[in-house]
Amino acid sequence: MTSPDWPDGPHESVSYGAASMPDGPADPPSATNGPGASGTRRRRRRRLGSYVAVAVVLLAVVVGVAIWAPWRKAPVLPPTGLAAGVRTTSSVTFHWSGPATGPSPDKYLILHNGKVIGSVPGTVTSFHAARLGPATAYKYRVAAVRGGDRSALSPILTVNTKAPPISAARWQGRWTVDIRITKGAGALRGKGATGWTEAWRTSPICPVRACAVQVTGGLNRQTFKATLARTGAVYTGTTKADVFRCGQSGSSAPIKSTLTFRVTVTSAQPVKGAWLAGAWTGQMEISSPYTLGRTFYCKAFKLTTKISASF
């Protein structure tokens with residue numbers, strides 16, 4: 001007796017399984033091709049269903065990646081294009097560009113000489129630095145900050161404040177003054193009478209800026225003081241001092257001379273944030289009256305000198 005075909009039995013896998021499907025364009029067997037045809041169609045549908053399930057899972061993974069990627073944390077980009085703006089003798093302004101793409105930073109940090117000196121909101125792309133020294137170079141860098149993260153530093157920007165006019169220079173300091181007699185030297189005796197150097201000091205009478213000064217210095221081994229008024233870069237004034245003596249050594253009388261000054265500041269320079277005179281030149285006249293001693297006298301005379309000094 002022969003056994004009937006068993007469509008779902010294990011020996012169907014040899015003749016009708018998916019692994020042994022024929023190649024080429026031939027159509028699959030129809031339901032009339034044998035008693036196992038219906039079982040074969042069911043297995044094909046089950047296998048096709050498994051292929052679709054895998055495809056759906058893979059599609060879900062791809063979609064998941066596409067949804068997740070935009071939420072990655074964007075990097076904090078450093079500012080670019082730093083450039084100087086308006087400059088004065090005591091301030092500078094500079095600006096930069098924010099990120100071309102991505103979110104804006106929360107704020108920008110401004111650094112000078114490696115130290116943070118200020119900040120501006122992330123919507124602002126410029127900075128104004130004030131209270132600076134004149135004719136001085138300042139170096140700045142900028143960094144962006146977002147969510148507590150800080151970007152790399154921008155390239156260094158060097159900005160120079162403007163130089164004030166020479167007339168605004170403050171005339172102060174210690175000077176080695178060169179004195180040269182240009183007229184009247186014949187009235188004097190002794191070596192070096194036509195030229196020598198002296199130590200002078202100029203002290204402005206105001207705490208800041210250019211203003212009148214008091215000059216204290218030596219002249220012919222004597223000391224004098226004079227207050228000179230300022231008009232722009234020119235200082236003028238007079239004083240009286242005993243800078244010469246009449247008579248012989250051991251028996252002489254002081255000569256009350258009048259000193260008249262006219263000085264012009266010729267150069268200036270920045271010094272520790274201040275705008276100071278760097279060089280000056282001018283004229284000093286010494287007018288000496290007739291002087292009478294016990295057994296001698298000295299005629300009146302006048303000396304004209306050129307005075308100058310520089311740092």
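Predicted model only: the values in this text are computed from it and were never measured. Reckoned from all heavy atoms, side chains included, excluding hydrogens, waters and symmetry mates.
A donor atom on one side chain and an acceptor atom on the other are not found under 3.5 Å apart for H95 and T125.
To the nearest 0.5 Å, atom CD1 of residue I181 and atom CG of residue L188 are 5.0 Å apart. Interatomic distance, S126 OG to I110 CD1, rounded to the nearest 0.5 Å: 9.0 Å. A distance of 9.5 Å separates NZ in K162 from OG in S91, rounded to the nearest 0.5 Å. We find the CG-OG distance between L303 and S288 to be 6.5 Å, quoted to the nearest 0.5 Å. The distance from atom CG of L109 to atom CZ of R141, rounded to the nearest 0.5 Å, is 13.0 Å. Here the CZ-OG1 distance, from F261 to T238, works out to 9.0 Å after rounding to the nearest 0.5 Å.
Tracing side-chain contacts under 4.5 Å through hydrophobic residues (I, L, V, M, F, W, Y), one never reaches I205 starting from Y235; they form parts of separate clusters. Under the 4.5 Å side-chain heavy-atom criterion for Ile, Leu, Val, Met, Phe, Trp and Tyr, V177 and F311 are members of the same hydrophobic cluster. A continuous path of hydrophobic side-chain contacts links F94 to Y138 [ILVMFWY only; heavy atoms under 4.5 Å]. Under a hydrophobic-cluster definition in which Ile, Leu, Val, Met, Phe, Trp and Tyr are linked whenever side-chain heavy atoms come within less than 4.5 Å, directly or via other members, V263 and L219 are assigned to the same cluster. V76 and L82 are not part of a single hydrophobic cluster, where members link through side-chain heavy atoms under 4.5 Å apart.
Two residues are said to be in side-chain contact when any heavy atoms from C-beta on lie closer than 4.5 Å; K256 and D242 meet this criterion. Side-chain contact between T202 and W175: present, with at least one pair of heavy atoms (C-beta onward) separated by less than 4.5 Å. For the pair V120 and K107, the minimum side-chain heavy-atom distance is 4.5 Å or more. In this structure, the side chains of W196 and D178 stay at 4.5 Å or more apart for every pair of heavy atoms. Considering only heavy atoms from C-beta on, S257 comes within 4.5 Å of F244 through its side chain.
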Name each donor-acceptor pair under 3.5 Å that joins a side chain in residues 267-286 to protein atoms two or more places apart or in another chain, with its distance.
{"unit_1": "S267", "atom_1": "OG", "unit_2": "A279", "atom_2": "N", "d": "3.1"}
{"unit_1": "W275", "atom_1": "NE1", "unit_2": "P165", "atom_2": "O", "d": "3.0"}
{"unit_1": "T281", "atom_1": "OG1", "unit_2": "I307", "atom_2": "O", "d": "3.4"}
{"unit_1": "Q283", "atom_1": "NE2", "unit_2": "E285", "atom_2": "OE2", "d": "3.4"}

Identify each donor-acceptor pair in which a side-chain atom of residues 153-161 lies under 3.5 Å from a protein atom, sequence neighbours left out, and give them as a table.
{"unit_1": "S154", "atom_1": "OG", "unit_2": "V142", "atom_2": "N", "d": "2.9"}
{"unit_1": "S154", "atom_1": "OG", "unit_2": "V142", "atom_2": "O", "d": "3.4"}
{"unit_1": "T158", "atom_1": "OG1", "unit_2": "K139", "atom_2": "NZ", "d": "3.2"}
{"unit_1": "T161", "atom_1": "OG1", "unit_2": "G133", "atom_2": "O", "d": "2.7"}
{"unit_1": "T161", "atom_1": "OG1", "unit_2": "A135", "atom_2": "N", "d": "3.0"}
{"unit_1": "T161", "atom_1": "OG1", "unit_2": "T136", "atom_2": "N", "d": "3.0"}
{"unit_1": "T161", "atom_1": "OG1", "unit_2": "T136", "atom_2": "O", "d": "3.3"}

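The aromatic rings of F224 and W200 sit perpendicular to each other, their planes meeting at more than 60°, with 30° as the lower class boundary.
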Legend entry - Test ring-ring contact (aromatic ring centres under 6.0 Å, His included) applied to W96 and Y108, step by step: CA-CA 10 Å; W96 58 88; Y108 291 103; 5.3 Å; yes

Legend entry - From CA spacing to verdict: side-chain hydrogen bond (donor to acceptor under 3.5 Å, both in side chains), K240, T258: CA-CA 5 Å; K240 290 186 178 293; T258 299; 2.9 Å; yes

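Heavy atoms of other residues, nucleotides or ligands lying less than 6.0 angstrom from CZ of R262 number 12 at most. Within 6.0 Å of OH on Y290 lie more than 12 heavy atoms contributed by other residues, nucleotides or ligands.
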